[in-house]
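Numbered from 1 within each chain, the chains take letters A, B, ... in sequence-line order.
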Amino acid sequence: MALLQPTSAISNLNHNSHALRRRLDSIASMSELRQYHSQVVRLGLGGNNDAAGRLLKFLALHPSGDLPYALRLLRLLPDPDPFLFNTLLRARALPPSAAASLLSRMLSLSLLPNRFTFPPLLPSASPSPSSSLPFALQLHSLLLKLGFFSDPFSQNSLLCFYLSCALPDVARRVFATAPRRDVVTWTTMISGLSRSGLVDEAREMFDVMPERNSVSWNAMIAGYVQVGRFADAFELFDRMRREGLRLDKFAAASMLAACTGLGALDQGRWIHENITRNGIELDSKLATTVIDMYCKCGCVEKAYEVFEGLEKRGISSWNCMIGGFAVHGRGEDAIELFKQMEREGATPDGITLLNVLSACAHSGLVSEGRYYFNYMIQASNIEPKMEHYGCMVDLLGRAGLLEDAKKVIDEMPMSPDAGVLGALLGACRIHGDVEMGERIGRTVIELDSKNSGRYVLLANLYAKAGRWEDVAEVRRLMNDRRVRKEAGRSVIEMNGEVNEFICGGMSHPQAREIYETVDEMLNRIRLAGYVPDTEGVLHDIGEQEKENPLYYHSEKLAIAFGLLHTKSSETIRITKNLRVCRDCHEASKLISRVFDREIIVRDRNRFHHFKDGKCSCRDYW
DNA sequence: TTAGGGTTAG
């Protein structure tokens with residue numbers, strides 16, 4: 001065909017080649033691409049690298065491109081150049097093995113990688129260090145051999161690669177011997193070290209780096225946030241602002257995550273206001289972070305307001321909002337939102353369904369939960385994963401349907417992990433099935449032997465049955481394995497400051513006043529019928545002695561602090577790291593009535609809204 | 001062409 005092209009058409013093309021290039025660069029859909037591709041072939045340019053490169057850019061890099069098409073196109077080219085390979089290597093969807101074979105095809109055609117080859121190639125070698133490391137080492141030596149070590153992009157990518165495979169030692173050596181280090185080199189180290197958990201080392205580098213930009217600041221702030229060092233994140237954020245850097249969307253996202261972690265509503269609100277005031281675009285990611293902050297700081301209503309105001313809702317925004325309703329025990333709202341999502345044509349994913357199931361579990365909606373689980377298996381393309389089974393076990397187990405929960409486990413296509421079995425163990429504890437609980441519990445502490453919560457659950461089960469010798473044995477096991485029980489901590493924000501309490505702790509400057517308030521608080525609720533619930537206490541000691549630690553649980557200290565420092569109309573908001581114990585739950589209900597206060601507690605799993613002597617979880621948690 | 005942000009059961 002190409003041979004039969006009339007010469008006039010060819011010269012016409014040469015004349016118009018600039019226009020053709022422009023058109024090829026503005027392809028917006030696959031149908032357009034097909035049109036242009038056939039036009040290119042008809043014009044006899046099927047083997048032209050310049051035209052092919054433009055087609056490949058769309059096929060490999062555009063979200064609605066077609067990677068297999070791109071790979072076929074490349075194979076058909078008689079004389080490809082490195083640019084074409086580099087373009088394909090940039091494709092996000094390219095599997096690592098395909099990247100490796102592209103490189104070897106390149107080399108077999110005697111095409112040398114250039115400085116644009118390594119940056120996209122290196123990350124494709126990273127996800128599984130054990131299998132791809134030899135390949136990575138080959139890449140590294142090739143990079144050196146070809147002299148790209150002094151190319152900043154190649155060098156920084158190499159550094160990033162080693163850090164992302166959690167090989168900080170190698171990264172440090174590359175860094176130390178680097179011929180030149182720019183702000184990206186330093187920032188890559190900071191971000192990578194943080195991701196490996198080496199935040200303090202990252203901070204040392206941050207403090208000595210010669211030049212910082214907003215990315216560097218945020219990499220360090222995000223590093224603190226990732227490991228839960230929220231106070232350090234706040235400190236650095238303040239310094240950043242003092243040094244005159246403005247809040248951008250990345251810093252906003254990191255700081256919102258810090259607020260979410262702490263349950264610091266006031267600070268979170270402040271960031272949200274600044275996003276609006278500074279005209280920072282509320283894209284789908286940032287919107288989700290804002291919604292999550294409001295949900296996890298106890299303001300579902302505000303979260304929903306933000307959610308409703310979004311022009312475009314990404315899947316994460318839907319998921320986040322459904323999950324928000326779930327943890328607040330608003331199961332019906334979560335289900336309603338899920339239905340709305342389907343009506344609006346958004347496609348749910350595994351997390352959506354997980355959140356819906358979780359909503360059913362938190363609200364005790366057993367038949368709805370069963371319905372959505374079946375729906376998932378039969379009507380959606382989403383395959384239930386471990387976590388979905390865990391959620392179902394939790395839902396059924398909590399409702400006392402222990403045999404049904406067990407059946408779900410028996411019929412799972414994979415073997416249950418500690419999380420799934422742990423859900424059943426929890427249910428056994430609630431419903432006092434010592435026999436099943438013991439069997440499951442023993443397995444769980446072997447599967448998840450470092451998690452103190454598992455031991456505590458098993459010990460609680462024994463304690464409930466009065467089997468004190470077994471309680472002691474579990475404690476011995478914990479000692480032998482050096483597993484420490486996590487200390488309960490409660491946090492309450494006051495005037496932008498975060499106050500943290502631990503059980504029986506005296507380190508707060510107002511400790512005396514707080515303890516006096518606790519005593520007064522307890523005296524008043526005693527008159528309203530408060531009887532300490534010692535079930536959660538693990539010692540086999542007299543009832544009288546058992547009560548003491550309960551009185552000064554971190555949560556009660558935080559509530560007392562809240563009563564001391566807020567007006568009578570204000571809601572007291574508390575965030576804690578463990579689950580609310582039975583005794584604190586009862587006490588909080590009574591306090592909400594006797595002191596006429598709304599108290600919102602976020603525990604490890606969900607929210608409790610205490611009001612007028614009742615809790616939003618309807619004692620179902 | 002390299003470095004920074006999102007949802008996930010118990």
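- Both geometric conditions, a ring-centre gap below 5.5 Å and a plane tilt below 30°, are not fulfilled together for A/Phe153 over the base of B/dT2.
- Counting to the nearest Å, the C1' atom of B/dT1 and the CG atom of A/Asp182 are 13 Å from each other.
- For A/Ser254, taking side-chain heavy atoms from C-beta onward, the closest of the listed nucleotides B/dG5, B/dT8, B/dG10 is B/dG5.
- In the set B/dA3, B/dG6, B/dA9, the nucleotide with an atom closest to the side chain of A/Glu387 is B/dA9.
- Put simply, A/Lys57 has no side-chain N or O that comes within less than 4.0 Å of OP1 or OP2 on B/dT1.
- Taking only side-chain nitrogens and oxygens, A/Thr288 never comes nearer than 4.0 Å to OP1 or OP2 of B/dT7.
- The side chain of A/Cys160 has B/dA3 as its nearest neighbour among B/dG10, B/dT8, B/dA3.
- Of the candidate nucleotides B/dG10, B/dT8, B/dG6, B/dG10 has the atom nearest to the side chain of A/Asp394.
- In this structure, A/Asn213 reaches the bases: a heavy-atom distance under 4.0 Å links it to at least one base atom across the strands shown.
- At a threshold of 4.0 angstrom between heavy atoms, the contacts of A/Arg398 are confined to the sugar-phosphate backbone, with no base atom among them.
- Among the atoms of the strands shown, none is found under 4.0 Å from any heavy atom of A/Arg604.
- Contact check, A/Gln226 against B/dG5: a side-chain N or O comes under 4.0 Å of OP1 or OP2.
- Atoms CG (A/Leu354) and P (B/dT7) sit 14 Å apart, rounded to a whole Å.
- When each of A/Leu143, A/Leu139, A/Leu102, A/Leu142 is paired with A/Leu121, the side chain to side chain contact (heavy atoms under 4.5 Å, CB included) condition holds for A/Leu139 and for no other.
- Checking B/dT8, B/dT7, B/dA3 against the side-chain heavy atoms of A/Val184 singles out B/dA3 as nearest.
- For A/Asp248 and B/dG4, a side-chain-to-base donor-acceptor distance below 3.5 Å is present, hydrogens and geometry of angles not being considered.
- Base engagement by A/Ser214 is indicated by at least one non-hydrogen atom pair under 4.0 Å involving a base atom.
- Residue A/Asp292 has its side chain nearest to B/dT7 when only B/dT7, B/dG4, B/dG10 are considered.
- Residue-to-nucleotide contacts include no donor-acceptor pair under 3.5 Å from the side chain of A/Asn319 to the base of B/dG6.
- Residue side chain A/Thr187 does not reach the base of B/dG4 through any donor-acceptor N/O pair under 3.5 Å, judged by distance alone.
- No side-chain donor-acceptor contact under 3.5 Å links A/Asn355 and A/Ser358.
- Put simply, CG on A/Leu310 is 12 Å from C1' on B/dG6, counting in whole angstrom units.
- Checking A/Tyr224 against A/Arg203 by side-chain atom types alone, a donor-acceptor pair falls below 3.5 Å.
- Rounded to whole Å, atom P of B/dT7 lies 15 Å from atom CD1 of A/Ile322.
- You'll find the ring centres of A/Trp318 and A/Phe338 outside the 6.0 Å limit.
- Applying the 4.0 Å criterion to OP1 and OP2 of B/dG10, one finds that A/His362 has a side-chain N or O inside that range.
- Picking from B/dG10, B/dT2, B/dG4 the nucleotide with the shortest atom distance to the side chain of A/Val215 gives B/dG4.
- In the interface, the side chain of A/Ser316 is paired with the base of B/dG6 through a donor and an acceptor atom under 3.5 Å apart.
- For A/Phe325 and A/Tyr304, the distance between ring centers is under 6.0 angstrom.
- As rounded to whole Å, 17 Å separates atom P of B/dG10 from atom NZ of A/Lys385.
- Rounded to an integer number of Å, the gap from A/Lys249 NZ to B/dG5 P is 12 Å.
- Rounded to a whole Å, the CH2 atom of A/Trp186 is 18 Å from the P atom of B/dG4.
- Salt-bridge formation is detected for the pair A/Asp404/A/Arg370: a Lys NZ or Arg NE/NH1/NH2 atom is positioned less than 4.0 Å from an Asp or Glu carboxylate oxygen.
- At the heavy-atom level, A/Ser284 lies under 4.0 Å from base atoms of the strands shown.
- You won't find any donor-acceptor pair under 3.5 Å spanning the side chain of A/Asn605 and the base of B/dA9, going by distance alone.
- A/Gly422 comes within 4.0 angstrom of no nucleic acid atom, judged by non-hydrogen atoms across all strands.
- Separating the CG atom of A/Leu286 from the C1' atom of B/dT7 is a distance of 14 Å, rounded to the nearest angstrom.
- Across all their heavy atoms, A/Leu94 and A/Leu88 have their closest contact at CD2-O, 3.7 Å.
- Within the nucleic acid shown, A/Asp283 comes within 4.0 Å of at least one base atom, counting heavy atoms only.
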